[in-house]
Amino acid sequence: MRVLAVAFIALSVSTLGVFPQPASGEPVAYTAVIAAEASNVETPATTNGSDEAASADALTAEQAEHMAGDPDWRASARLYHAGGGGATGNDSLGCRPIAMRTVAVDPRVIPRRTKLFIRETVGLRLADGSIHDGYWYASDTGGAIKGAKIDLYTGHGRGSMSQAQRLNMRTLTIADAGRFDGCPPAWNDRPAAAPMQMASN
């Protein structure tokens, strides 16, 4: 008689902090892993705003300066997401990736901990209906990211990529907006600024 017993599985990587993490290195119960995966919220897909742009008079002085200046880099963009074979774990700084904020870079080209301003993302309507301000954070790296390439993290699930689909495989213009300490800020931690309005076409 063959007995199949699946009581525990060992986790070798954290998956965006949603799987239980054993404090002592002990295996995690299978049921705990399944429960954690079920509670993981997928970023909703959206088709809104794929070709929208921000009105020039709605930009802050800093944003307008970045928009008008020469870019520091031009890089070919790809999209990546968590779940379903996408990104797992924390980024290369040990931070939890932030959807539509975290960027994976080749640190020989764009140094990690660089705050980036990507012109083509200004005014992009996000899945929650908010409008992107153009700021991203170089906090991740990847073996396939070599040279003038960047990967934009879109969130959890393949559907999350729809909010930025128009950026995929495009060469983007990127300004160096300074350095940041710690981890990329969550969207609800954005500094107070005048809300951006969409251009009327």
Side-chain angles (χ1 to χ4, degrees), residues 13-14 16-17 43 49 53-54 56 58-82 86-128 130-156 160-161 163-196:
V13 294
S14 69
L16 296 179
T43 305
L59 300 175
T60 66
E62 182 183 19
Q63 288 171 313
E65 182 180 340
H66 291 315
M67 291 290 276
D70 292 331
D72 294 291
W73 301 281
R74 293 184 190 276
S76 178
R78 305 293 184 275
L79 307 179
Y80 74 111
H81 65 91
T88 59
N90 293 335
D91 63 27
S92 65
L93 294 179
C95 300
R96 180 174 179 164
I98 303 298
M100 303 300 288
R101 281 290 193 217
T102 296
V103 181
V105 298
D106 180 342
R108 297 168 301 179
V109 177
I110 299 175
R112 284 190 312 166
R113 294 201 174 279
T114 303
K115 183 179 177 182
L116 306 174
F117 182 84
I118 303 178
R119 292 179 189 173
E120 292 81 0
T121 65
V122 174
L124 185 70
R125 187 176 299 280
L126 306 183
D128 65 359
S130 63
I131 304 302
H132 206 292
D133 57 10
Y135 291 103
W136 296 75
Y137 296 81
S139 64
D140 206 0
T141 59
I145 306 168
K146 298 191 185 302
K149 293 182 181 178
I150 59 172
D151 276 10
L152 306 176
Y153 177 71
T154 60
H156 188 83
S160 71
M161 294 193 296
Q163 61 191 326
Q165 195 60 50
R166 72 179 177 92
L167 305 173
N168 195 35
M169 307 293 285
R170 284 185 57 188
T171 298
L172 305 181
T173 48
I174 306 168
D176 184 342
R179 288 187 52 81
F180 67 94
D181 294 320
C183 294
W187 279 96
N188 56 1
D189 294 334
R190 285 185 284 187
M196 294 180 61

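Source: prediction; values computed, not measured. We count residues from 1, following the sequence as given.
To the nearest 0.5 Å, the span separating CG on Asp72 from CG on Leu116 amounts to 9.5 Å. From Arg74, atom CZ reaches atom CD1 of Ile150 across 12.5 Å, with rounding to the nearest 0.5 Å. Annotation: the span from Met161 atom CE to Leu152 atom CG amounts to 11.5 Å, rounded to 0.5 Å.
The two residues Ser139 and Thr102 have their closest heavy-atom pair at OG-CG2, 3.5 Å. Counting all heavy atoms, side chain and backbone alike, Ala99 lies closest to Trp187 at O-NE1, 2.9 Å. Counting all heavy atoms, side chain and backbone alike, Ala138 lies closest to Ile110 at CB-CG2, 4.3 Å. The minimum heavy-atom distance between Tyr153 and Ala82, with the atom names listed, is OH-CB, 3.4 Å. The minimum heavy-atom distance between Ala148 and Val109, with the atom names listed, is N-CG2, 4.4 Å. The minimum heavy-atom distance between Asp91 and Pro184, with the atom names listed, is OD2-CD, 4.5 Å.
For Gln165, the CD atom is densely surrounded, since the number of other residues' heavy atoms within 6.0 Å is greater than 12.
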Residue pair Asn90, Cys95: steps toward the side chain to side chain contact (heavy atoms under 4.5 Å, CB included) verdict: CA-CA 5 Å; Asn90 293 335; Cys95 300; 5.8 Å; no
Side chain to side chain contact (heavy atoms under 4.5 Å, CB included) between Val103 and Tyr137, intermediate numbers included: CA-CA 6 Å; Val103 181; Tyr137 296 81; over 6 Å; no
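With His132 contributing its side chain and Met100 its backbone, the two residues share a donor-acceptor pair below 3.5 Å. In this structure, the side chain of Arg125 does not engage the main chain of Ser130 through any donor-acceptor pair within 3.5 Å. In this structure, Asp151 contributes its side chain and Ala104 its backbone to no donor-acceptor pair below 3.5 Å. Between the side chain of Gln163 and the backbone N or O of Ala127, at least one donor-acceptor pair lies under 3.5 Å. In this structure a side-chain-to-backbone donor-acceptor pair under 3.5 Å is present from Gln63 to Asp133.
Among residues two or more places apart in sequence or in another chain, the salt bridge (charged side-chain N to carboxylate O under 4.0 Å, His left out) test is passed with Arg108 by Asp106.
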Determine all donor-acceptor pairs shorter than 3.5 Å in which one atom belongs to a side chain in residues 167-181; sequence neighbours excluded.
unit_1: Asn168; atom_1: OD1; unit_2: Leu79; atom_2: N; d: 3.4
unit_1: Thr173; atom_1: OG1; unit_2: Glu120; atom_2: OE1; d: 3.2
unit_1: Thr173; atom_1: OG1; unit_2: Glu120; atom_2: OE2; d: 2.9
unit_1: Asp176; atom_1: OD1; unit_2: Gly178; atom_2: N; d: 2.9
unit_1: Arg179; atom_1: NH1; unit_2: Arg112; atom_2: O; d: 3.2

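Residues Trp136 and Lys115 form no side-chain contact, since every pair of their non-hydrogen atoms from C-beta on lies 4.5 Å or further apart.
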